[in-house]
Amino acid sequence: MSTIIEDKIIEESKCSEQEEDLVKLLLPDVHNLPLIPPSAVESNFVTYFAIDFTKPAHDHYVYRHANGLCVIGLASSHVAFKDEGGITDIDFNVGKSDRSGVKVTGKRKKNAQHFEANTALCKVNTKNDSYIVRCCVKGSLLEVNQLLINQPELLNVSAEREGYIAIMMPKPADWLKAKASLVSLQEYKKLRELS
């Protein structure tokens with residue numbers, strides 16, 4: 001009879017230990033949490049940079065999502081942001097077609113334009129100069145940021161969020177080639193001496 005009671009006590013202690021372990025897994029220690037939670041970009045994307053892409057100080061960012069899509073935009077160190085007054089206008093009518101007129105449909109991304117890494121996406125204008133923004137990644141252009149046509153100031157205010165330029169879909173093999181020429185966020189900060 002006493003062995004049955006001892007077995008029950010041992011089982012209950014094992015159950016309580018398992019529950020404690022489960023609570024530790026599910027409820028994080030408040031003291032180990034960051035003061036500011038990571039943004040959606042930080043938690044859902046891996047950030048890469050194309051440094052001096054085709055010309056000095058023409059830096060672009062590439063946010064790579066787990067599903068393979070890449071968000072392309074101007075890095076904060078791009079020379080266009082250093083001009084007086086910042087970016088005043090954006091023009092998607094470059095090359096042989098207007099990039100803003102592309103309408104991609106369906107699972108197979110019908111009507112998507114296929115571009116090389118150095119293909120022009122758009123032209124951003126400042127008070128004194130204009131700069132070509134390139135794809136940085138070989139792949140299909142899925143969309144351009146239509147908000148920038150009417151609100152180009154988004155590039156000056158929030159280039160890394162609402163001010164993105166385009167969304168590209170590279171093939172896996174093309175991504176591996178492109179990734180070799182890109183640098184990580186830590187390398188970018190070291191190269192550009194950012195904190």
Participant: Specify whether Y63 and F45 have parallel, tilted or perpendicular ring planes, treating 30° as the upper limit for parallel and 60° as the lower limit for perpendicular.
Facilitator: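 Rings of Y63 and F45: tilted, as their planes differ by 30° to 60°.
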Participant: Between SG of C122 and CD1 of I72, what distance do you get to the nearest 0.5 Å?
Facilitator: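 The SG atom of C122 sits 11.0 Å away from the CD1 atom of I72.
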Participant: I'd like to know if the side chain of D98 pairs up with that of S100 as donor and acceptor (distance under 3.5 Å, no hydrogens or angles considered).
Facilitator: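 Result is yes, a qualifying pair exists.
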Participant: Would you compute the distance between atom CG of L148 and atom CD of E153 and round it to the nearest 0.5 angstrom?
Facilitator: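 Between L148 CG and E153 CD, I get 9.0 Å after rounding to 0.5 Å.
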Participant: Nearest 0.5 angstrom please: L182 CG to R64 CZ, how far?
Facilitator: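 Here the interatomic distance stands at 10.5 Å.
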Participant: For residues I51 and R192, report the shortest heavy-atom separation together with the two atoms involved.
Facilitator: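 The answer is CG2-NH2, 3.0 Å.
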Participant: Would you say E187 and S184 are linked by a side-chain donor-acceptor pair, where the criterion is simply a distance under 3.5 Å?
Facilitator: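 Indeed, the side chains of S184 and E187 share at least one donor-acceptor pair under 3.5 Å.
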Participant: Start with the C-alpha gap between E160 and V41, add the side-chain angles, then the distance that decides, and say whether side chain to side chain contact (heavy atoms under 4.5 Å, CB included) holds.
Facilitator: CA-CA 9 Å; E160 64 280 344; V41 171; over 6 Å; no
Participant: Counting neighbours of NZ on K82 that are heavy atoms of other residues, nucleotides or ligands and sit closer than 6.0 Å, is the number greater than 12?
Facilitator: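 Buried by this count: over 12 neighbours within 6.0 Å.
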Participant: When rounded to the nearest 0.5 angstrom, what is the spacing between CD1 in I87 and CG in L154?
Facilitator: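 Answer for the CD1-CG pair, I87 versus L154, is 11.0 Å.
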Participant: For S77 and D59, which I'm curious about, is there any donor-acceptor pair between the side chains at under 3.5 Å?
Facilitator: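 Note: S77 and D59 side chains meet the donor-acceptor criterion.
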Participant: Less than 4.5 Å apart, side chain to side chain, heavy atoms only: is that true for V137 and D174?
Facilitator: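 No. Closest side-chain heavy atoms not under 4.5 Å.
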Participant: Side chains of Q113 and S97: do they bring a donor and an acceptor to under 3.5 Å?
Facilitator: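 Judged by distance alone, the side chains do pair up.
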Participant: What is the minimum heavy-atom distance between A159 and Y61, and which atoms define it?
Facilitator: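 For A159 versus Y61, the nearest heavy atoms are O-OH, 2.6 Å.
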Participant: Kindly compute the distance separating OG (S181) from OH (Y48), expressed to the nearest 0.5 Å.
Facilitator: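 One gets 11.5 Å once the value is rounded to the nearest 0.5 Å.
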Participant: Quick one: CG on D83 to OG1 on T88, what's the gap to the nearest 0.5 Å?
Facilitator: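 It comes to 9.5 Å.
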Participant: Can you confirm whether more than 12 heavy atoms, excluding those of Q146, are under 6.0 Å from its CD atom?
Facilitator: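 Enclosed.
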Participant: Mind checking whether T54 and R134 have side chains closer than 4.5 Å, heavy atoms only?
Facilitator: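 Contact flag for T54/R134 side chains = yes.
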Participant: Would a single hydrophobic cluster contain both Y164 and Y188, if residues Ile, Leu, Val, Met, Phe, Trp and Tyr are joined by side-chain heavy-atom contacts under 4.5 Å?
Facilitator: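 Same cluster.
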Participant: Working note: H60 + F49, criterion ring-ring contact (aromatic ring centres under 6.0 Å, His included); need CA distance, chi angles, decisive distance, verdict.
Facilitator: CA-CA 6 Å; H60 298 66; F49 290 88; over 10 Å; no
Participant: Which atom names give the shortest non-hydrogen contact between H78 and L74, and what distance separates them?
Facilitator: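 Closest approach of H78 to L74, heavy atoms only: CD2-CD2, 3.5 Å.
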Participant: Any non-hydrogen side-chain atom of S39 less than 4.5 Å from a side-chain atom of R161?
Facilitator: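 SC-SC contact between S39 and R161 confirmed.
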Participant: Evaluate H58 against V79 for side chain to side chain contact (heavy atoms under 4.5 Å, CB included), listing each step before the verdict.
Facilitator: CA-CA 6 Å; H58 283 62; V79 69; 3.8 Å; yes
